[in-house]
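In what follows, a single structure is set out as structure tokens and then discussed.
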Amino acid sequence: MPVLRSIRERFERERPLEGVKVAACLHVTAETAGLMRALAAGGADTALCSANPLTTQDEVAAALVDDRVPVQAARGEDVEAYARHVRALAGWGPDVTLDDGADLLVLLHDRGGADDVLGGAEETTTGLLRLRRLEAEGRLACPVIAVNESRTERTFNDRYGTGQSALDGILRATNLMLAGHTLVLLGYGATGKGIAQRARGAGAAVIVCEVDPLRALEARMDGYEVMPALAAAERGDLFVTATGSRSVLRREHLERMKDGAVLANAGHFDVEIDLADLRELAGGRVREVLPLVEQYDIGDRRLNLLASGRVVNLAAGEGHPPAVMDMSFANLALAVEHLALHGAELERRVLDVPKGIDEEIARLKLESLGVAIDTLTPDQREYLDSWGQTFSE
Ligand code: ADE
């Protein structure tokens, strides 16, 4: 993670986070450990809990505890333990919060304490939806930096990160052959686009289901079959949800699926596949056929659910590769610095990542990849400036 490393080295020299209490509710992975170490190098007091009960890498949690970073997380913790851990971080009284799904900052709003937070940074679409709701209700008590919407996060994390890691999680859990099979993708946002692209590259036929006409049109023009989920239900061998919505695959779809169909969720919460409907259809006839693969016998057919419907790239794999998290966590590290230095003056709104951070991260990443690029000639600069346009627009 060369970009994060260069930030960490600067933090070591400048110590911009001296004494700042940073609480992170993030997936506890090796990449997250890299972020926590960069923040500590900047002088921050840090504490970490997981953003999901099934995504903690226990060996990483143990290594961080050895480094004297308090970690409240264990892989497979139940929902009660998960909630207790998030509560513990909220009770610590953080100055800055980092979230992957907004559980920590929303809790601080619900139980009190958000007024004392200098600011938060959020790295998922789902988390931003929740925080924008608080803003719309006039309840947002601190500034929030929408790290998820920086270009170096969204393009690379969602498209390339989830595109690869969701399929990686599915393949690790099932050893399924993609070529010759039909993958039904529900949701053609940035994440869905990545999954569709990678699945097609591996030889799968891809069907896209969408509710947004523009995205559906884009999927069609990208060369995928587009149809309603009810029609796709009969065609798919593998179903992947990536919508951020709930009950996307429910009884009416489950009843139409082929024997042996595989169901996986790539969205943040475990609500996209309707687990209550699946359980009801199976009436208790459920068995674990492989680690993280539960087979539901729904009469004349069996459906295979991966990772209990939780986010499959982290629950059945290791999440996005470090090469992608490098940029995501560089954004988070710089957002923390910005909040520590300027949080008190910022508006209590959901804010863009400060200008210049995106370009800086992309420049460092290119450098680390040994890729050089052109610069505008003075003549070109003058021409573009005359239209009020900059090179990154
Ligand atoms: N989200 C997706 N992949 C991740 C990873 N490797 N570490 C932390 N959060 C993630």
Side-chain angles (χ1 to χ4, degrees), residues 1-5 22-39 46-61 63-64 69 71-75 82 85-86 89 97-104 121-128 146-150 152-173 189-192 194-195 198 240-242 244 264-270 306-307 310-333 335-336:
M1 300 170 79
V3 179
L4 190 61
R5 191 191 321 125
V22 182
C25 180
L26 300 172
H27 301 293
V28 181
T29 66
E31 294 74 34
T32 301
L35 171 66
M36 301 312 285
R37 286 177 173 155
L39 298 175
T46 57
L48 176 65
C49 70
S50 183
N52 185 301
L54 207 54
T55 59
T56 298
Q57 295 170 6
D58 285 335
E59 66 284 9
V60 171
L64 280 168
V69 176
V71 182
Q72 308 268 345
R75 189 177 185 85
Y82 174 78
H85 292 153
V86 184
L89 251 72
T97 62
L98 303 182
D99 264 299
D100 184 312
D103 279 353
L104 176 58
E122 170 55 54
E123 64 146 31
T124 64
T125 311
T126 296
L128 284 178
V147 164
N148 178 65
E149 289 169 4
S150 81
T152 44
E153 154 88 25
R154 167 151 279 182
T155 309
F156 303 100
N157 197 311
D158 292 1
R159 193 191 322 158
Y160 296 106
T162 315
Q164 176 170 311
S165 65
L167 292 180
D168 175 52
I170 292 166
L171 299 186
R172 286 190 201 203
T191 296
I195 295 170
R198 293 302 183 242
V240 184
T241 53
N265 167 46
H268 183 80
F269 285 121
D270 59 344
L306 304 193
R310 295 202 183 274
V311 59
V312 72
N313 60 344
L314 283 143
E318 290 173 70
H320 304 339
V324 166
M325 294 316 292
D326 190 18
M327 287 185 280
S328 310
F329 285 164
N331 273 287
L332 275 188
V336 172

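Remember, it's 1-based here, ligands and their atoms both numbered in the order they're listed.
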query: Which residue, T32, T29, L314, forms the side chain to side chain contact (heavy atoms under 4.5 Å, CB included) with Q57?
result: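 The passing option is T29.
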Which residues share a salt bridge (Lys or Arg N to Asp or Glu O under 4.0 Å) with R154, sequence neighbours left out: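 R154 satisfies salt bridge (Lys or Arg N to Asp or Glu O under 4.0 Å) with D158 once adjacent residues are dropped.
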task: Output all residues satisfying salt bridge (Lys or Arg N to Asp or Glu O under 4.0 Å) with R172, sequence neighbours left out; order by chain, then residue number.
output: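 With sequence neighbours excluded, R172 shows a salt bridge (Lys or Arg N to Asp or Glu O under 4.0 Å) to D168, E318, given in chain and number order.
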message: Looking only at side-chain N and O atoms, does T55 offer a donor or acceptor that is under 3.5 Å from a partner on H27?
response: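 Result is yes, a qualifying pair exists.
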- prompt: Donor-acceptor pair, R75 side chain versus T56 backbone, under 3.5 Å?
  reply: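 Pair found, side chain donor or acceptor close to backbone of T56.
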- request: Non-hydrogen atoms closer than 4.0 Å to ligand 1: which protein residues do they belong to? List them by chain and number, please.
  value: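 Within 4.0 Å of ligand 1, protein side: H27, T29, E31, T32, L314, E318, G319, H320, M325, F329.
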E149: side chain to side chain donor-acceptor pair (under 3.5 Å) partners, not counting sequence neighbours: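 With neighbours one apart ignored, the set is R132.
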